[in-house]
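These notes concern the structure reproduced below.
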Amino acid sequence: MATTEHPPGRLRGWMLQGLSDMGKRGGLTGPHAEPEPPHRGQRWWRVMCLTGVDYFSTLGYQPGIAALAAGLLSPLATIVLVVVTLAGALPVYRRVAQESPHGQGSIAMLERLLSFWKGKLFVLTLLGFAATDFLITITLSAADASTHLVENPHLTSTLGGHQMLITLILVALLGAVFLKGFLEAMGVAVALVGIYLTLNLVVVITGLWHVLTAEHVVTDWANALTVQHGSVFAMIGVALIVFPKLALGLSGFETGVAVMPHVQGDAGDTEEHPAGRIRDTKKLLTTAAVIMSCFLITTSFITTLLIPAAEFKPGGQANGRALAFLAHEYLGNAFGTVYDVSTIAILWFAGASAMAGLLNLMPRYLPRYGMAPHWARAVRPMVIVFILIAFLVTWLFDANVDKQGGAYATGVLVLISSAAIAVTIAARKAGQRGWAIGFGVISAVFLYTTVANVIERPDGVKIGACFIAGIMLVSLLSRLARSFELRVTSVAMDPMAERFVRDMASRKIRFIANEPDNRDRAEYRDKIEQIRTDNDMPEQEDFVFVEVTVADPSEFETCLTVRGEVLHNRYRVLTVESSSIPNALAALLLHVRDLTGRTPHIFFEWTEGNPFANFLRFFLFGQGEVAPVTREVLREAEPDRARRPRVHTG
């Protein structure tokens, strides 16, 4: 029903390119553009590399963060993290892939459980944490990439003291790529991941060789552990307590399900039942988790044993770049520089993956809720918004990897916890008692991990709360600003309704807006008498009643189905279900005008009560100040006064 016109001006036209396609079925929803058909796309291992630029790139900073958080217990705490990954996060997201195979992830699963405003507000809260996750991925990855540049022995003298500037430049370059037009280069992702994992494997083998050939290293580590913690059970207990600080190693699963539409399915797959896509996505998630788990354990082991503790601290040469430190130390500066270059490349591309996730996630929900400005459907304006926010976050955290770890972990853990809860509910509804209990235990573990992380590093939930507050405020202001927008996408009339309209088209088309009560003969008779008296109309004028029932007032866009019926063998009534009474009436009037070529008239009675209170009723519940709001919706939808349907109020 509503159309979008490209605004004049070359700059605005370029900025809003593709806007008219946004939100349509199959239209653009971000830089991914069209999802692949269910039986086409890319092999699962290639798509794994796409999500792997985010997941595997955490090796650039995870060992250093683990050493700072757990000290000598870093390898044991990492083993706990791996157990939680393989026995917790992996089963959860394999189930998410099965329940939500079109890339919406766990947020869509939870959205289906709640309706009305509580569902919208809950989704907005999760979007706030998702924004925290993805935006901190951009800023943290850029900060760590700049750390690798600054700490490189060949560049330290030149770039030292300029980490903030370098980080901002990397973030700006990322934005420039998306402003030009970004398409995921699967081949680039495969090359980056392949080279990066190969170089890490060389570093790990070299590190293990040095550990095994210098026996005192293991002995010294074991003795230090015994002195600090006493028994093995005490070590395990402390490792269980500190492992939430290592939660960054859980990142990547949400991205894994987000890229599902690009996984090649079977020839017999359909959009409703993409069995091949689901199977191969499970392979993707499992393979990525196993590879990452092996690297997490081995890298935490060699970095803890081979790097002095002081080097992990802020200002130390291994801070934010533990594996790069080992690469330079044991394999020479030439190999170390190659390692630095590969790390910088994959960290920067991880930011690109996170930006793509943001641009796919936000248009999927906010415009549908009416909780984003109209231009938010276009990619380029949103890129500018996200880059400016990334600049602010980088400045607030001083481009420091350690300071951003808490915020990143909070976003990751909240999303994983919500996914665990979603699959628990799904298993319970499916009658799978064993799975429901298992997923319930996993949910409890992740909720504990989230709470422990928040208590330990409250800055994460603070920045998450800032994102949530910002999204809530912008969303509500947008919904308020778009209150009078015609948001009905289509109108369909059944044969009886069309018959009523075509019959009236030979005379004047007159509707009466009626709020259905008892729907008895007296209600309709008295309503007609009231309208005739209020408007001083002769008795021979005939009318058709229009009755709108509000379904879910929190929905923004809707399709109308108009049904006609004759009540008490006399009164013609059109019935409609919609999220908003004024919008439904305005859309019906415009549809009737276009169908018949005649100008329809509609008659109201004034709504009693305070106008402001009535407007709030309309804003929140889709009803209230119906007559003036209907007129305002028509005024905005049809600027030509001569063609605008007439609204009468008495």
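- Here ring pair (Phe, Tyr, Trp, His ring centres under 6.0 Å) pairs that include residues 198-222, with residues two or more places apart or in two chains, are His210-Tyr330, Trp221-Phe301.
- Residues Val84 and Thr449 form no side-chain contact, since every pair of their non-hydrogen atoms from C-beta on lies 4.5 Å or further apart.
- Tyr55 is linked by a ring-ring contact (aromatic ring centres under 6.0 Å, His included) to Phe253, counting only residues two or more places apart in sequence or in another chain.
- Trp348 places a side-chain N or O within 3.5 Å of a backbone atom of Leu170 that can act as its donor or acceptor partner.
- Each salt bridge (charged side-chain N to carboxylate O under 4.0 Å, His left out) pair with one or both residues in residues 67-96, not counting sequence neighbours, appears once here: Arg95-Glu99.
- In this structure Ser57 satisfies the side chain to side chain donor-acceptor pair (under 3.5 Å) test with no other residue, sequence neighbours excluded.
- Judged by distance alone, the side chain of Glu311 and the main-chain N or O of Gln317 form a donor-acceptor pair under 3.5 Å.
- Looking only at distances, a side-chain donor or acceptor of Ser300 sits under 3.5 Å from a matching main-chain atom of Ile297.
- The 12-atom threshold is not exceeded at CZ of Arg428, counting heavy atoms of other residues, nucleotides or ligands nearer than 6.0 Å.
- Taken to the nearest 0.5 Å, the OG1 atom of Thr450 stands 11.0 Å off from the CD1 atom of Ile455.
- Heavy-atom minimum distance, Ile138 versus Leu174: CG2-CD2, 3.6 Å.
- Qualifying side chain to side chain contact (heavy atoms under 4.5 Å, CB included) partners for Leu296, counting only residues two or more places apart in sequence or in other chains: Leu59, Gln62, Thr78, Leu81, Val82, Met292.
- Partners of Ser141 according to the side chain to side chain donor-acceptor pair (under 3.5 Å) rule, which considers only residues two or more places apart in sequence or in another chain, do not exist here.
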For the pair Ile425 and Phe439, evaluate side-chain contact (heavy atoms from CB on, under 4.5 Å) and give the outcome as yes or no after the intermediate values. CA-CA 9 Å; Ile425 296 172; Phe439 286 133; over 6 Å; no
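- Judged purely by atom type and a 3.5 angstrom limit, Ser74 has no side-chain atom pairing as donor or acceptor with the backbone of Ala70.
- Not one N or O on the side chain of Thr139 forms a donor-acceptor pair closer than 3.5 Å with the backbone of Ala390.
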Set out, in order, the CA-CA distance, both residues' side-chain angles and the distance that settles side-chain contact (heavy atoms from CB on, under 4.5 Å) for Leu285 and Leu90, then state yes or no. CA-CA 7 Å; Leu285 294 169; Leu90 180 58; 3.9 Å; yes
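- The main-chain N or O of Tyr196 is found under 3.5 Å from a side-chain atom of Asn200 such that the two form a donor-acceptor pair.
- Counting only distance, with no hydrogens or angles, the side chain of Thr226 and the backbone of Ala222 share a donor-acceptor pair below 3.5 Å.
- In this structure, OG1 on Thr147 lies 3.5 Å from CD on Gln163, to the nearest 0.5 angstrom.
- What you find for Gln264 and Asp280 is that their closest heavy atoms are O-OD2, 3.3 Å.
- Distance check, rounded to the nearest 0.5 Å: CD1 of Ile389 to CG of Leu396 gives 11.5 Å.
- Nearest heavy atom pair, residue Phe349 against residue Ala189, reads CE2-CB, 4.2 Å.
- Atom NZ of Lys283 sits about 10.0 Å away from atom OG1 of Thr286, to the nearest 0.5 Å.
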Can you check side chain to side chain donor-acceptor pair (under 3.5 Å) on Ser443 and Thr424, steps first, answer last? CA-CA 8 Å; Ser443 300; Thr424 301; 3.1 Å; yes
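- When all heavy atoms of Val171 and Phe391 are compared, the pair lying nearest together is CG1-CE2, 3.8 Å.
- A heavy-atom distance below 4.5 Å is found between the side chains of Val338 and Leu199.
- Using a 4.5 Å heavy-atom cutoff, the side chains of Leu331 and Tyr339 are not in contact.
- Residues passing the ring-ring contact (aromatic ring centres under 6.0 Å, His included) test with Phe129: none are found, sequence neighbours excluded.
- Looking at residues two or more places apart in sequence or on another chain, you find no ring-ring contact (aromatic ring centres under 6.0 Å, His included) involving Trp44.
- Leu323 is listed as a side-chain neighbour of Pro63, based on a closest heavy-atom distance under 4.5 Å.
- Thr132 places a side-chain N or O within 3.5 Å of a backbone atom of Gly128 that can act as its donor or acceptor partner.
- Inter-residue side-chain proximity for Leu201 and Leu197 is flagged as unmet; no heavy-atom pair is nearer than 4.5 Å.
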Hey, mind stepping through Val412 and Ile416 against side-chain contact (heavy atoms from CB on, under 4.5 Å) and telling me if it holds? CA-CA 6 Å; Val412 169; Ile416 294 180; 3.8 Å; yes
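- Under the side chain to side chain donor-acceptor pair (under 3.5 Å) criterion, Thr303 pairs with no residue, sequence neighbours left out.
- Going from atom CG of Asn223 over to atom CG of Leu72 covers 11.0 Å, rounded to the nearest 0.5 Å.
- Between Val53 and Val193, the closest side-chain pair of non-hydrogen atoms falls below 4.5 Å.
- Listed by first and then second residue, the salt bridge (charged side-chain N to carboxylate O under 4.0 Å, His left out) pairs involving residues 321-331 are Arg321-Asp340 (not counting sequence neighbours).
- At least one side-chain heavy atom of Asn319 sits under 4.5 Å from a side-chain heavy atom of Leu68.
- Within the structure, no pair that satisfies the salt bridge (charged side-chain N to carboxylate O under 4.0 Å, His left out) test touches residues 194-210, not counting sequence neighbours.
- Here the closest heavy-atom approach between residue Thr167 and residue Ser146 is recorded as OG1-OG, 2.8 Å.
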Stepwise, does the side-chain contact (heavy atoms from CB on, under 4.5 Å) test hold for Phe446 with Ile421? CA-CA 10 Å; Phe446 283 125; Ile421 293 170; over 6 Å; no
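- Among all heavy-atom pairs drawn from Leu415 and Ser418, the shortest one is O-OG, 2.7 Å.
- Residues meeting the side chain to side chain donor-acceptor pair (under 3.5 Å) test with Asn453, sequence neighbours left out: Thr410, Arg457.
- In this structure, Phe325 and Ile307 have side chains that are in contact, with non-hydrogen atoms separated by less than 4.5 Å.
- Here the straight-line distance linking atom OG1 of Thr394 with atom CG of Leu168 works out to 5.5 Å at 0.5 Å rounding.
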